[in-house]
Amino acid sequence: MANPNRTMRAVALHLLLAAQPALAAHPVSIAKAEPVSGAVHLTLTAEASDAAAHDEAVPRPGRAYHLSIQLPSGVTPALPIGSFVTVTLPTVHHNTAPAKIKSISKTRVELVLENQTQLLDGQRLKVTLPLKSAHLYQIPFQAVYSPRGITTEVFVLSPEQRAHRIPVVPIKVLPGGKIIVSSDRLNGASIVIQGTDNLISGDGVRVVEQKGAASL
């Protein structure tokens, strides 16, 4: 009579050594990330503070204000220090005024808004800045917005037909279902735009459609 324990061990060993069936590849649609060649105009907000507290040399009697703007990751203004940008003032008619760029760092732009008769201290003003970056790309909005509810990452397709998750910084939503994002990992990349709902980074995929993304 066969030894039951030996038989069970043989079955377990057979199952362990048996080839596991390959997981079915996820069907996906993809599109190419298109580099943005020109400057992107973006409206940001900045809190105004009395510039006299920052620079006593600011001319008076017209009141001057210091504006500090935090930049999205990976972008810089497409204007040099000393240039003027447009600030929207909090009046009934949303008048505008020029503000001079005082300094630029990797994360911030400092402005001076001079000769103001209205009190702006502590108010949040809208500033329109032209931004440039070597890493701005236009992609379909579907790539960052899906039932997954995550807007700061996309899936890119590897040569081995696997989807890998990478971080992106959303910059500006465009008409026609496009969005501009900043990333240093999208050069020439094919991005998954449909079929992301159940994807996990490293999953095998099967491309069922490739769509174009019009360049700016």
Side-chain angles (χ1 to χ4, degrees), residues 33-139 141 143-145 150-154 166-175 178-189 215-216:
E34 299 289 341
V36 177
S37 56
V40 175
H41 287 77
L42 187 65
T43 299
L44 303 169
T45 58
E47 184 173 326
S49 59
D50 195 323
H54 301 270
D55 188 349
E56 295 297 340
V58 172
R60 312 288 268 178
R63 207 175 272 272
Y65 291 92
H66 173 88
L67 305 177
S68 181
I69 303 173
Q70 184 169 355
L71 294 171
S73 177
V75 299
T76 57
L79 293 172
I81 294 173
S83 300
F84 287 87
V85 296
T86 301
V87 176
T88 302
L89 303 175
T91 60
V92 174
H93 300 291
H94 297 288
N95 291 334
T96 60
K100 182 184 288 187
I101 298 178
K102 184 177 179 181
S103 67
I104 300 172
S105 69
K106 290 183 178 181
T107 59
R108 289 190 173 275
V109 176
E110 309 293 337
L111 309 174
V112 174
L113 177 65
E114 300 179 351
N115 302 319
Q116 297 303 304
T117 57
Q118 59 181 311
L119 296 176
L120 300 175
D121 201 36
Q123 298 204 43
R124 297 190 66 79
L125 309 181
K126 293 182 179 180
V127 182
T128 301
L129 282 175
L131 302 176
K132 64 179 180 179
S133 171
H135 307 302
L136 287 181
Y137 294 88
Q138 180 187 200
I139 63 176
F141 191 64
V144 294
Y145 180 79
I150 301 172
T151 59
T152 56
E153 59 188 35
V154 297
I166 64 169
V168 298
V169 178
I171 299 295
K172 185 176 184 178
V173 177
L174 303 173
K178 306 291 184 181
I179 185 172
I180 294 176
V181 298
S182 175
S183 172
D184 61 358
R185 298 171 61 183
L186 288 183
N187 186 29
S215 300
L216 284 180

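Considering only heavy atoms from C-beta on, P90 comes within 4.5 Å of L125 through its side chain. With a 4.5 Å cut-off on side-chain heavy atoms, V144 and I139 count as touching. Taking 4.5 Å as the limit, every side-chain heavy atom of I171 sits out of range of all side-chain heavy atoms of V181. Residues V85 and I101 form a side-chain contact, since some pair of their non-hydrogen atoms from C-beta on lies under 4.5 Å apart. Put simply, the side chain of P98 does not reach to within 4.5 Å of the side chain of E114, judged on heavy atoms. At a threshold of 4.5 Å between non-hydrogen side-chain atoms, the residues T96 and L89 do not count as touching. Contact annotation: the side chain of T43 never approaches that of V127 to less than 4.5 Å [non-hydrogen atoms, C-beta and beyond]. Looking only at side-chain heavy atoms (C-beta outward), I180 and Y137 stay at 4.5 Å or farther from each other.
Going from atom CD of E153 over to atom OG of S183 covers 11.5 Å, rounded to the nearest 0.5 Å. Here CD1 of I104 is found 10.5 Å from CD of E110. Values are rounded to the nearest 0.5 Å. Put simply, CZ on R108 and OG on S103 are 10.5 Å apart, with the number rounded to the nearest 0.5 Å.
Each of L71, L79, T86 was checked for a side chain to side chain contact (heavy atoms under 4.5 Å, CB included) with L129, and the lone residue meeting it is L71. Of the candidates H66, Q123, R124, R124 is the only one forming a side chain to side chain contact (heavy atoms under 4.5 Å, CB included) with E47.
Scanning both residues, P72 and V169, for their nearest heavy atoms gives CB-CG1, 4.5 Å. Minimum interatomic distance between A33 and P35 (heavy atoms only, all atoms of both residues): O-CD, 3.7 Å. Of all non-hydrogen atoms in S182 and S73, the two that sit nearest each other are OG-O, 3.3 Å. Residues K102 and I81 share a closest heavy-atom pair of O-CG2, 3.4 Å. Shortest non-hydrogen contact noted between G74 and S133 is O-OG, 2.8 Å. Taking every heavy atom of both residues into account, A97 and Q116 meet most closely at CB-NE2, 4.0 Å.
Checking side-chain atoms of Y65 against main-chain N and O of L120 turns up a donor-acceptor pair under 3.5 Å. With D184 contributing its side chain and H135 its backbone, the two residues share no donor-acceptor pair below 3.5 Å. Put simply, the side chain of K172 never gets that close to the backbone of I179: no donor and acceptor are under 3.5 Å apart.
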